[in-house]
Each structure stands twice: as C-alpha cells, then as structure tokens.
Amino acid sequence: MLRINYLHGLAANFRNWNRPLKFLHSLHQNKRRTPPTKHKFTKALKNPMKPFDVEPKVYMRDTISNIYKILKYSTWESAETQLKQLPIRWDSFTVNQVLKTHPPMEKAWLFFNWVGKVKSFKHDQFTYTTMLDIFGEAGRVSSMKYLFQQMQEKGLKIDAVTYTSILHWLSKSEDVDGAVETWEEMRGKGCFPTVVSYTAYMKVLFDNQRVKEGTAVYKEMLQSGISPNCHTYTVLMEYLFGAGKYEEALEIFSKMQEARVKPDKAACNILVEKCCKAGETWPIIQILQYMKENHLVLRYPIFLLALETLKAAGERDALLRQVHPHISVECIDNERVVEYKGNDFEDPSSLDRGLVWVLLKKLNLQAVDSLLTELMDKNIKLDSELMSAIVHVNCGHCRVGGALLAFKYSVKTGIKLERTAYLALIGCLIRSNRFTDIVEIVVEMTSTGHSLGVYLASLLIYRLGCARRPTCAAKIFDSLPDDQKCVATYTALVGVYFAAGTADKGLKIYKAMRKKGIYPSLGTYCVLVAGLEKLDRVSNAETYRKEKKSLQKDAYFRESIPMEEKICDLLFARDVVS
C-alpha cells in the first residue's frame, strides 16, 4: 500500500546578508550658464530641417506570428522564397520560438533543415529538443530517435529537458521499456533530473502498474531536496484514486494545501473523472467543495460525467450546480434524447421511429446513420422532434458527418427541423472549418421559416470574415430577410471584405447601406477606421475618424438607441479588425 504520511518541503535557512551599500553618483561638471540673448529679429532658415521618418517598431512576437502564417498557409516553395526575403537575423531563440508555434509537421521539418543551412546559424540543444518534441507529439518516434542520435553525434549538450521529452513520448507510444532505458541513460550520464523529470517518470511507472518503482522515484526526489509541485501531487492522487485508495488520495489533497501547493483546475478535473469512472461520489463532493471555495470549474464533458454519476448514485447535484452556475442542466442535449417519446405507434413507420430512438438513446450513432440511409432510400419520413434530436446528439459528439446526414435526410423528406438543431449544426460546422456547408444550412433554415436573428447573423458573417470566406459571408447576407439587413449585418459584411484585403468592396457595401437610409453606428466607424488603417488607406480612415467623433458627441443627446445599433456596437465597437 502506498501511503504518504508527510510532505517534504524546503527546510533551508536563509542568511541575512548585511553588506554596505555603495551609491554611485554621476558627477556633473558645473558649467556657467549664460542667459539666452533676446534678439529683436530672427531670420527664418531657408531650408528648415525636415523631421526624420521614424519606422514603426516591429516586435518579435509579430515576426514570429508572420513566419508561422507563412509556413502554415503557403506551399513550401512559396514559403522558402518569403523566408529568404525576411530582414531578420536567424538565431537560436527565433528559430525555437517559430517551432514552438507548432506549424504543420512537414513544414516544421523543412524549415528546420532550411534554416540549418543558413550562414552564421547552427542548431543547438534547444532547437533540436523542440523539433524532436514535435515529432514525438505526432507519433513519429523513429524520427524523434533519429534527431536524438544526431544530437549525440554532433556533441550537443543533452539536458534533463531533452531526456524528459523523449521518455514522455516513448511512454505515449507504449514503449515503456524505452522510457525506462532513457531514464537510466540520463542518470548514467550524470544529468540531474528536475521536478518535471521526476513527475513525468513517476507517471510512466504508475500508469503501467510499476508501483514500487514509482514510490522509490518519489522518495528519491524528496531525498534530493526537490519539492513536489502540483503536477507531482496530481500524478500520485491519480494513481491512488485509480487503485481505489480514496482516503490516502484525499489525505494528499489536503496536505498539499497545507504545504501551500493548491490543486489547479487540471488536477480537479482529472480526479473527478477518476472518481466518476469508479462510481464513487463522496470524494467528488469534497473536491467540488474545494472548487467552490477557489472558483474553479470542471470541463463540460467532465461536468456531464459527474452529473450522470451523481444521478446514478441517487445523490443531490446542488453543489455541482453551485460550482457551475453558468451551465443550465435543463438544456443539456443528451436529456433531449431521453425526453423524446415519439409519436403514437399507429402507422407502420412507428417501428422505425422506435428503433432509431433506442439506438440514439444508447448512443449507437453508426447504427443510426445506417438506418437513416436505409430509410432515406425507402423515402420513409420520421418526425421533426426525432430528427432534431439526432442532429443535436451528433453535434454534441463532434460527428459532423452524422449531423449532415440527418440534415440531408430532413431536406429530402421535407422535414422542418427545430431552430436549435440548425444552430447546433452551424456551430459544429464552424468548429470543423467546413464553411461552404454553412451556406446551405442557412438557406434551408430560412426557407423553413426559422430566423437567425440580427445578432447571430452578424456574428456568423463576422466569423466567416475571420476565416477569409467573403463569398460565403455574402451569400448568407443575401439570404437574410430585408428586416435583418440592418446596420449590424452590413457592418459585419464590411468587416469581412476588409479582413480579406479588399477595401474597395468594403466601402462599396458601406455606401450601399447609406443609400438605403441606414445610418452607421459607433461599431461601423470602428470597423471602417481600423480596416482602412490596416490596408494603408490613411486618408479615408481619417475621414471616418472625424465622423466617428461627431457621432460620439451627438450620442449624449439621443434619447434611445435602436436594438440593431446596440448589437452592432456590442460586436464591433472596438478598434480591431481580424
């Protein structure tokens, strides 16, 4: 049994240094000052000096971001040409920061080799470690080992960070023996582990049921004078919860707080998930009480798991609701499936409805897809409530294909889905970057009599602008009813074209809005000024800045502001264009 009865803290005594302070004064020579001579007449210079043009300061974060965009959005041939033209000096810090932005793996490797051939630059332990970390995360263990071998051949310094990264990714690829050999090699080379190294190795051992070895490593860490951090305690408690030793785990949970190491959000989520899988509710209550006192929340999937566990055990979920006041339990999508009762079993297709409902309740979504495909071929029509539930559940489980299949089935059979089902599908497509399908969803939604509303329409158009999809945004704008083509949606469309780099089209949309008698709001001017400045249309931007100031002065005398303007200002009244 692993029982930890004490926490090891730093017991070092610090000495008070009393050193005399020497103050360095700058010596100024006393110069005799003569009063300025007052001239009656002054001659104007024939050629007055012109002020120097000061170039705007370029910050390193902007440079790194620019390189990342080049690597991500360009082909390597184009990226290589652009990289050669950049006026920067390649050093270890810059290259390492670029790699840490995690560009696509192939581009990262090509960039790594390309920059290694640049004159006056040599890869060091930092750039190599980051690159092998990228390979390890992608599951390319052989490539990671190849890079590590290169580091050894070139005589580069290999520290605890490199070894820790290697043993971590080896364990992730289920090569536990390789991770153990890496640890032993690190110790054999005289490389001293850090608290991160100890924690990573302990997790490898505990996850693979090597309890005695993991305990020995923990004791070794304490004896070496290294204090455990939050992640170390989390690894210990995670093992204890998984082994059913809840009292020992909660003892560590309380004692680590006494040592002024507070469990963080990640630790609480891991522990609650472990308890839920074991079906134990009383440790969950104690952890939730701590989370309530420290304003921490669970991730949404863990929240659902905890809610289901408490209900299955017959426990009250009042504390869970208090910790998560922003989540409405009544609106959880899974409950829609449980509450669905279907129509009366009077017609022959009622058997199909019941079968779909049973499969959906059991979350056998692949079977639901197969059954829907068969029903679509036979032109058998289900009801709107069931089809909406299918869309909701598929979207909740990030199954875009299943949700689209249900949508296509509803279109073919003439079923009008609920408004929330259309919105859930749109949100799922946005998160999956499938923007072209969104247009079809919005058009179908509008044709069935459902409305996006001004706020959601403006937000959707703006989101498509951030994704550089002006054509999709324009189609959605055109599909809106006339009463929703207001200052908010027009402003969103203007911002779309500015984000795409076409200022003339943006200004054309703005002028069309004015011709229709729609007056701009503060948010409209913010989009205009920021967008035009970003596209170097300074004179146009200055014109709209003056109009913006005039509008701000007149705003004090306005009795009421229309809802469309309020929405526009809420979304766009800031000096930023994505």
*asked:* Can you confirm whether Arg140 is buried at CZ, in the sense that more than 12 heavy atoms of other residues, nucleotides or ligands lie under 6.0 Å from that atom?
replied: no
_Looking at Thr164, is its backbone amide N or carbonyl O close enough to the side chain of His168 to form a donor-acceptor pair, meaning the two atoms are under 3.5 Å apart?_
no
*With under 30° as parallel and over 60° as perpendicular, where do the rings of Tyr290 and Phe253 fit, or are they tilted in between?*
perpendicular
*Spacing of Asp383 atom CG and Ser388 atom OG [to the nearest 0.5 Å]*: 8.5 Å
_Spacing of Arg463 atom CZ and Ile430 atom CD1 [to the nearest 0.5 Å]_ = 6.5 Å
_Show, in sequence, the C-alpha distance, side-chain angles and deciding distance for Phe135 and Trp109, and conclude whether the ring-ring contact (aromatic ring centres under 6.0 Å, His included) test is met._
CA-CA 9 Å; Phe135 279 137; Trp109 176 236; 5.3 Å; yes
*Should we count NZ of Lys107 as having more than 12 external heavy atoms under 6.0 Å?*
yes
_Neighbour count >12 (heavy atoms, 6.0 Å) for atom CD, Glu185_ = yes
*Kindly determine whether Leu359 and Leu365 satisfy side-chain contact (heavy atoms from CB on, under 4.5 Å), including the steps that lead there.*
CA-CA 7 Å; Leu359 293 174; Leu365 300 181; over 6 Å; no
*asked:* Determine whether Ile285 and Glu315 satisfy the following criterion, side-chain contact (heavy atoms from CB on, under 4.5 Å), listing intermediate values before the conclusion.
replied: CA-CA 10 Å; Ile285 301 300; Glu315 298 284 348; 5.5 Å; no
*Do Ile158 and Lys189 have side chains that get closer than 4.5 Å, going by heavy atoms?*
no
*How long is the gap from NZ on Lys145 to CG on Leu147, to the nearest 0.5 Å?*
13.0 Å
*Calculate, to the nearest 0.5 Å, the distance between atoms CD and CG belonging to Glu374 and Asp377 respectively.*
8.0 Å
_Looking at every non-hydrogen atom in both residues, tell me the closest pair between Ile415 and Tyr422 and how far apart they are._
O-OH, 4.4 Å
*Could you check Val400 against Asp437 for side-chain contact (heavy atoms from CB on, under 4.5 Å), going step by step and ending with a plain yes or no?*
CA-CA 11 Å; Val400 184; Asp437 295 324; 6.0 Å; no
*Report yes if the side chains of Ser224 and Phe192 come closer than 4.5 Å at any heavy-atom pair, otherwise no.*
no
_Does any part of the side chain of Glu137, heavy atoms only, come nearer than 4.5 Å to the side chain of His102, both counted from C-beta?_
yes
*For residues Glu220 and Tyr198, determine if any side-chain heavy atom of one lies less than 4.5 Å from a side-chain heavy atom of the other.*
yes
_For Arg434 against Leu404, the heavy-atom pair lying closest together_ = NH2-CD1, 3.5 Å
_Aromatic ring proximity, centroids under 6.0 angstrom, Phe112 and Tyr128_ = yes
_More than 12 heavy atoms of other groups within 6.0 Å of Glu440 CD_ = no
*Does the side chain of Phe303 come within less than 4.5 Å of Val272's, by heavy atoms?*
no
*asked:* Using a 6.0 Å cut-off, check whether atom CD of Gln152 has over 12 heavy atoms from anything other than its own residue.
replied: yes
*asked:* Show the nearest heavy-atom pair for residues Thr436 and Cys472, with the distance to one decimal.
replied: CA-SG, 4.2 Å
*Anything under 30° is parallel, anything over 60° is perpendicular, the rest tilted; go ahead and classify Tyr239 against Phe206.*
parallel
*Counting N and O atoms only, with roles assigned by atom type, does the side chain of Ser165 sit under 3.5 Å from a partner on the main chain of Val161, one being a donor and the other an acceptor?*
no
*Pair listing, side-chain hydrogen bond (donor to acceptor under 3.5 Å, both in side chains) test, anchored in residues 449-459, at least two apart*: Ser451-Gln484
_Using side-chain heavy atoms (C-beta onward) and a distance below 4.5 Å, is Asp124 in contact with Asn96?_
no
*Test side chain to side chain donor-acceptor pair (under 3.5 Å) applied to Ser92 and Thr127, step by step*: CA-CA 7 Å; Ser92 174; Thr127 55; 5.2 Å; no
_Regarding Arg210 and Asp177, does a basic nitrogen lie under 4.0 Å from an acidic carboxylate oxygen?_
yes
_For Val297 against Val323, the heavy-atom pair lying closest together_ = CG1-O, 3.6 Å
*Going by atom types only, do Asp159 and Thr162 share a side-chain donor-acceptor pair under 3.5 Å?*
yes
*Can any side-chain N or O of Asn394 pair as donor or acceptor with the backbone N or O of Ile390 at less than 3.5 Å?*
yes
*After noting the C-alpha distance and the side-chain angles of Asn364 and Val368, does the key distance pass the side-chain contact (heavy atoms from CB on, under 4.5 Å) rule?*
CA-CA 7 Å; Asn364 193 346; Val368 172; 5.6 Å; no
*Measure the shortest side-chain to side-chain distance between Leu405 and Met376 over non-hydrogen atoms and say whether it is less than 4.5 angstrom.*
yes
*Nearest 0.5 Å please: distance from the CD atom of Gln150 over to the CG atom of Leu156.*
9.5 Å
*Can you list the steps and then say if Thr130 with Asp133 is a side chain to side chain donor-acceptor pair (under 3.5 Å)?*
CA-CA 5 Å; Thr130 305; Asp133 196 56; over 6 Å; no
_Ser370 and Thr373 side chains, donor-acceptor separation under 3.5 Å_ = no
*Supply the atom-to-atom distance Met387 CE to Leu417 CG, rounded to the nearest 0.5 angstrom.*
6.5 Å
*Are side-chain heavy atoms of Gln97 and Met60 found at a separation under 4.5 Å?*
no
*Apply the ring pair (Phe, Tyr, Trp, His ring centres under 6.0 Å) test between Tyr201 and each candidate in Tyr218, Tyr163, Trp183; give the one that qualifies.*
Trp183
_Minimum-distance pair of heavy atoms, taken over all atoms of Met237 and Leu271_ = CB-CD2, 3.7 Å
_Please check this pair: side chain of Arg419 against backbone of Gly449, looking for a donor-acceptor N/O pair closer than 3.5 Å._
no
*Can you name the closest pair of heavy atoms from Ile284 and Cys276 and give their distance?*
CD1-SG, 3.6 Å
*asked:* Donor-acceptor check, side chain of Arg468 to backbone of Cys466, threshold 3.5 angstrom: yes or no?
replied: yes
